[in-house]
Novice: 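Submitted below is the structure of interest, expressed as structure tokens.
Chain letters run A, B, ... following the sequence lines, proteins first and then strands; every chain starts at 1.
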There are 2 protein chains.
Amino acid sequence: MRMRSTSKPPELTRAEWKIIKAVWDNEPCTAPAIQEALFKQTAWTYSTVRTLMDRMVAKGLMTSEKTGKMTLYRSRVTRQQAQRGELLSTLKNAFNGALTPMVQCLIDARRLSETELAEIEALIESKKRNLKK
Amino acid sequence: MRMRSTSKPPELTRAEWKIIKAVWDNEPCTAPAIQEALFKQTAWTYSTVRTLMDRMVAKGLMTSEKTGKMTLYRSRVTRQQAQRGELLSTLKNAFNGALTPMVQCLIDARRLSETELAEIEALIESKKRNLKK
DNA sequence: GGAATATCTCTACAAATGTAAATTATTTTG
DNA sequence: CAAAATAATTTACATTTGTAGAGATATTCC
């Protein structure tokens, strides 16, 4: 039976976001690979990256599997799950769960191009049709 | 000269969100008032609330003014600013700044009612008109 | 004035987060 | 094989966050 995700979605710290995004783009992957991938952006040393990754394994955000010399990491949360967790927590903390104000804020926060507005509108339209059905 | 907010918007922790929301609803206000207002929800003691509030003053999120016996607190960030900061940081961390996927995720994350969809659509419409002008 | 009440101040402490050096083991390569 | 390069392990440490107790002060009420 397919069941509606029961465990609340994860929340990641800023550092963890950087890591997991790199992992999603490279998995399965090693810690050295990730530190290399992030070095330009973060200048983190191998130690730092490794520590973060192991903590994330401990938290259930990734898995690690030791194959001989190297340790391979894989994400245990999908991008979707993580994004959703983040968004829902913002919705809850900052907007008391009220969706419309959140969207309003989003619209105001950035000067949106007409293209973006059109895209968003299309999403809504599609969802509406989807609901009707 | 009116200048475009240069300092990046604040980021608040979960505890800080609880506090500031209570402050917005009561300011200017005292620490005891806030702890009372939050007690049902958080069960925090006076010490806890007070510590949090003073830290927030140190961070520039609020001001405090000692009038005789009591200390009065006032927010230094508006709800708008704080919400915006939260949203933008989520946008950046979790969505690499891409707006449309974020909205998509939002739409998927909750089963939206037709009413909500309509509301959001109205927001978009309004913004579009606004852009044109 | 003393007891009760309300506040404040100071100090504390554990957990989480960000960051990394030092040491050890392993592998590659001249 | 010895030297060089890689990767892993262990340990550390400062800062931030969550949470609060204890003691000092001022205020009010009997």
Side-chain angles (χ1 to χ4, degrees), chain A residues 8 10-23 26 28-74 82 85-86 89 92-94, chain B residues 8 10-23 26 28-74 82 85-86 89 92-94:
Chain A
K8 51 200 148 348
E11 288 185 38
L12 311 204
T13 68
R14 237 172 345 306
E16 288 170 345
W17 268 107
K18 296 219 174 95
I19 298 278
I20 203 145
K21 286 195 280 189
V23 170
N26 295 277
C29 56
T30 65
I34 295 303
Q35 100 88 197
E36 162 125 32
L38 289 178
F39 187 78
K40 204 146 195 194
Q41 185 192 146
T42 64
W44 285 338
T45 65
Y46 167 78
S47 283
T48 297
V49 170
R50 181 70 198 239
T51 303
L52 287 170
M53 291 178 79
D54 287 338
R55 283 182 189 164
M56 290 171 78
V57 169
K59 288 188 191 180
L61 296 171
M62 311 206 289
T63 56
S64 68
E65 180 198 356
K66 173 169 324 189
T67 351
K69 47 206 153 199
M70 281 165 187
T71 307
L72 274 190
Y73 293 83
R74 290 183 175 76
E86 189 78 22
S89 101
K92 193 171 116 198
N93 290 319
Chain B
K8 51 197 150 348
E11 287 185 40
L12 310 204
T13 68
R14 241 181 330 314
E16 287 170 346
W17 268 107
K18 298 221 173 94
I19 297 278
I20 202 144
K21 285 194 279 189
V23 170
N26 294 278
C29 55
T30 66
I34 296 303
Q35 99 90 196
E36 163 124 31
L38 289 179
F39 187 79
K40 204 145 195 196
Q41 184 191 147
T42 64
W44 286 338
T45 65
Y46 167 79
S47 283
T48 297
V49 170
R50 181 70 198 237
T51 303
L52 286 170
M53 291 178 78
D54 287 337
R55 284 182 188 164
M56 289 170 78
V57 169
K59 288 188 191 180
L61 296 170
M62 312 207 289
T63 55
S64 69
E65 181 198 355
K66 173 169 324 188
T67 352
K69 48 205 155 201
M70 282 165 186
T71 307
L72 274 189
Y73 293 83
R74 290 182 175 77
E86 190 77 23
S89 100
K92 193 172 116 196
N93 289 318

Novice: Which heavy atom in B/Lys21 sits nearest to a heavy atom in A/Asn93, and how many Å separate them?
Specialist: NZ-O, 2.8 Å
Novice: Measure the distance from CG on B/Leu38 to P on D/dG18 and round it to the nearest whole Å.
Specialist: 13 Å
Novice: Between C1' on D/dT19 and CD on B/Glu16, what's the gap in Å once rounded to a whole number?
Specialist: 14 Å
Novice: What string of B, S and - do you get for nucleotides 19-28 of chain C, 5' to 3', if B is base contact, S is sugar-phosphate-only contact and - is no contact with any protein heavy atom under 4.0 Å?
Specialist: BBBB----S-
Novice: Roughly how many Å is it from CE in A/Met53 to P in D/dT9, rounded to a whole number?
Specialist: 13 Å
Novice: Grab the CG-C1' distance between A/Asp54 and C/dT17 for me, whole Å please.
Specialist: 15 Å
Novice: Is B/Thr13 near enough to D/dG18 that one of its side-chain N or O atoms lies under 4.0 angstrom from OP1 or OP2?
Specialist: yes
Novice: In whole angstroms, how far is the P atom of D/dG18 from the CE atom of B/Met56?
Specialist: 10 Å
Novice: Given A/Tyr73, which of A/Thr63, A/Asn26, A/Asp54 fulfils the side chain to side chain donor-acceptor pair (under 3.5 Å) condition?
Specialist: A/Asp54
Novice: So what does A/Lys66 hit on the nucleic acid, given a heavy-atom distance under 4.0 Å: a base, only sugar-phosphate, or nothing?
Specialist: sugar-phosphate
Novice: What is the nucleic acid contact for B/Arg50, judged by heavy atoms within less than 4.0 Å: base, sugar-phosphate only, or nothing?
Specialist: base
Novice: How long is the line joining CD of B/Glu36 and P of C/dA6, in whole Å?
Specialist: 10 Å
Novice: Return no unless some side-chain N or O of A/Lys59 is found under 4.0 Å from OP1 or OP2 of C/dT17.
Specialist: yes
Novice: Rounded to the nearest 0.5 Å, how far does CD1 of A/Ile19 lie from CZ of A/Arg55?
Specialist: 11.0 Å
Novice: Atom CE of A/Met70 and atom C1' of D/dT9: how far apart are they, to the nearest Å?
Specialist: 16 Å
Novice: Which heavy atom in A/Ala15 sits nearest to a heavy atom in A/Leu52, and how many Å separate them?
Specialist: CB-CD1, 4.0 Å
Novice: In whole angstroms, how far is the P atom of D/dT16 from the CG atom of B/Leu12?
Specialist: 15 Å
Novice: Of all the heavy-atom pairs spanning A/Glu16 and A/Met56, show the shortest one and how long it is.
Specialist: O-CE, 3.6 Å
Novice: Search all heavy atoms of A/Ala31 against all heavy atoms of A/Val49 and return the closest pair with its distance.
Specialist: O-CG1, 4.0 Å
Novice: Quick one: are A/Val23 and A/Met53 in side-chain contact, heavy atoms under 4.5 Å?
Specialist: yes
